[in-house]
Amino acid sequence: MARMLELALYLCLFMCLILTCYAQTCAKYAFSSNRVFKSCTHLPVLNSFLHYNYDVSGKLEIAYRHTGITSSRWVAWAINPTSKAMVGSQALVAYQLSDGSMRAYTSPITQYQTQLQEGELSFDVSDLSATSANNEIIIFATLGFPNNDTTLNQVWQEGAMSGNTPQMHATSDPNVQSMGTLNLLSGQAGTIGGRTSIQRKQDIHGVLNAVSWGILMPLGAIIARYLKVFKSADPAWFYLHASCQFSAYVVGVAGWSTGLKLGSESSGIQYDAHRTIGIILFCLGTLQVFALLVRPKPDHKYRVYWNIYHHLVGYTVVILSVINIFKGLDILEPEKKWKNAYIGVIIALACSGIVLEAYTWFLVLRRKRSESAGKLSDGINGAHGNGVNAHTANC
């Protein structure tokens, strides 16, 4: 029965993997105006997203979404047709007026200390509007590009207001790093001057958690389940299992901590499911570590209950870990090769588990047959011996 339960848990794991592969965090946003955009990219700094529809004829319909911002600030998204810089950018600007209405207009950037004066851009702009709600400002517009360039130099920015007049934006790291390139066909967004500090922290967070919760935890479970059937591996399998899981926990806590740090630095951006699962994993992982300190001896009457607890929590951690790794990949949206690599690792572990499961059943059944044959032989020999002794006594 216990083996059937464990097999069912493995099947649940694969079902969850299939479901999570289709999650698209950025693209799941629903606009109140019922507008639909086929593509979306999470911009690396300033809590910003760009949703867009691109037509090969040169028509670009965009929704620039800036989250975690108050009504006393302005936002802008721009394209620089000539260089990878702020000066020369053709900007779409929006902010909330003192009467509560929204103003959206175009502004060509001709100098660094600009006050975002209104003016015509070097390309056509239509359907320009803006909305503000729930600490979020969205700029809508349709742009026309006669040269059909599919790779754009983009700049996005935000700053303070003085009355109804935009002021100079800050010059801290995020505000000077808010520029890059965008491939309209692939949706791949790049940065200028290397990766930002937020991106580097995201990379560290992703690598630590993928290695710990996403690989070492399932590997440790496989070691515990399949190596212990080999008598020659006892007690080495236990120490190997404990070392693997403890290493996964230590590295996983480091990855979890970087996630908390990222959350505190990304106001207005929340990934509730990813965060909740991460907290649950930390709590369950911590319980598993402390459970080792109260592990009863093998012959103790409570050992069977401890085993049930340990197995259920362990398999729950493995399943939730893999689910959360895929959720993290959907949030970070790295190159496809990284997601494919992790899928390859999981498939390799799953195939190893299937092969070892079959071989384990083969060993267990063969061992039971051998034990049954041994008992039968002992019974026959015992009965024969008793018969001879009785015959001698009668004589």
Is the backbone of [Y] close enough, under 3.5 Å, to the side chain of [X] for a donor and an acceptor to pair up by distance?
{"X": "N47", "Y": "G68", "result": "no"}
{"X": "N209", "Y": "A254", "result": "no"}
{"X": "Q167", "Y": "M161", "result": "no"}
{"X": "H205", "Y": "G255", "result": "yes"}
{"X": "N80", "Y": "V87", "result": "yes"}
{"X": "T286", "Y": "F282", "result": "yes"}
{"X": "H310", "Y": "A291", "result": "no"}
{"X": "Y105", "Y": "L116", "result": "yes"}
{"X": "Y95", "Y": "N164", "result": "yes"}
{"X": "H241", "Y": "G220", "result": "yes"}

Between [atom1] of [X] and [atom2] of [Y], what distance do you get to the nearest 0.5 Å?
{"X": "R73", "Y": "H169", "atom1": "CZ", "atom2": "NE2", "result": "11.0 Å"}
{"X": "W213", "Y": "N324", "atom1": "CH2", "atom2": "CG", "result": "10.0 Å"}
{"X": "L349", "Y": "C351", "atom1": "CG", "atom2": "SG", "result": "9.5 Å"}
{"X": "L92", "Y": "L121", "atom1": "CG", "atom2": "CG", "result": "6.5 Å"}
{"X": "S321", "Y": "I215", "atom1": "OG", "atom2": "CD1", "result": "11.5 Å"}
{"X": "L219", "Y": "L240", "atom1": "CG", "atom2": "CG", "result": "8.0 Å"}

Salt-bridge present (E61, K38; N to O < 4.0 Å):
no
In terms of side-chain geometry, is the basic nitrogen of D272 or R275 positioned less than 4.0 Å from the acidic oxygen of its partner?
yes
S178 vs Q157, side-chain hydrogen bond (donor to acceptor under 3.5 Å, both in side chains): CA-CA, chis, key distance, verdict
CA-CA 7 Å; S178 56; Q157 197 56 261; 3.3 Å; yes
Spell out, yes or no, whether [X] and [Y] are grouped together once hydrophobic residues are joined by side-chain heavy atoms under 4.5 Å, including indirect joins.
{"X": "I347", "Y": "I222", "answer": "yes"}
{"X": "V345", "Y": "I343", "answer": "yes"}
{"X": "V250", "Y": "V317", "answer": "no"}
{"X": "V355", "Y": "L227", "answer": "no"}
{"X": "V313", "Y": "F246", "answer": "no"}

Could you tell me if the side chain of [Y] sits less than 4.5 Å from the side chain of [X], heavy atoms only?
{"X": "W338", "Y": "D203", "answer": "no"}
{"X": "L43", "Y": "Q154", "answer": "yes"}
{"X": "V155", "Y": "W77", "answer": "no"}
{"X": "L182", "Y": "T151", "answer": "no"}
{"X": "T41", "Y": "F49", "answer": "no"}
{"X": "E158", "Y": "H66", "answer": "yes"}
{"X": "K201", "Y": "K261", "answer": "yes"}
{"X": "K339", "Y": "F326", "answer": "yes"}

Between Y359 and Y226, is the ring centroid distance below 6.0 Å?
no
I'd like to check the salt bridge (Lys or Arg N to Asp or Glu O under 4.0 Å) partners of R35; sequence neighbours left out, ordered by chain and number.
none
Please name all residues satisfying ring-ring contact (aromatic ring centres under 6.0 Å, His included) with F31, sequence neighbours left out, ordered by chain then number.
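With sequence neighbours excluded, F31 shows a ring-ring contact (aromatic ring centres under 6.0 Å, His included) to Y29, F37, H51, F140, given in chain and number order.
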Non-hydrogen atoms of [X] and [Y] that approach each other most closely:
{"X": "M217", "Y": "V318", "value": "O-CG2, 4.0 Å"}
{"X": "W74", "Y": "P166", "value": "CD1-CB, 3.5 Å"}
{"X": "T106", "Y": "G119", "value": "OG1-O, 2.5 Å"}
{"X": "V36", "Y": "N53", "value": "O-ND2, 3.0 Å"}
{"X": "Y64", "Y": "S48", "value": "OH-OG, 2.9 Å"}
{"X": "V322", "Y": "I346", "value": "CG2-CD1, 4.1 Å"}

Would you please test T142 and V125 for side-chain contact (heavy atoms from CB on, under 4.5 Å) and show each step?
CA-CA 6 Å; T142 301; V125 179; over 6 Å; no
Just do the side-chain contact (heavy atoms from CB on, under 4.5 Å) check on W156 and V45 with the steps written out, would you?
CA-CA 9 Å; W156 60 100; V45 293; 3.8 Å; yes
Would one find more than 12 heavy atoms of other residues, nucleotides or ligands at under 6.0 Å from atom CD of Q117?
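Atom CD in Q117 is crowded, with more than 12 foreign heavy atoms closer than 6.0 Å.
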Give a yes or no on this: more than 12 heavy atoms of other residues, nucleotides or ligands lie within 6.0 Å of atom CG of N134.
no
Could you walk me through whether I62 and L50 pass side-chain contact (heavy atoms from CB on, under 4.5 Å), step by step?
CA-CA 7 Å; I62 67 103; L50 183 68; 4.1 Å; yes
I279/C283 under side-chain contact (heavy atoms from CB on, under 4.5 Å): CA gap, chis, key distance, verdict
CA-CA 6 Å; I279 293 173; C283 294; 4.3 Å; yes
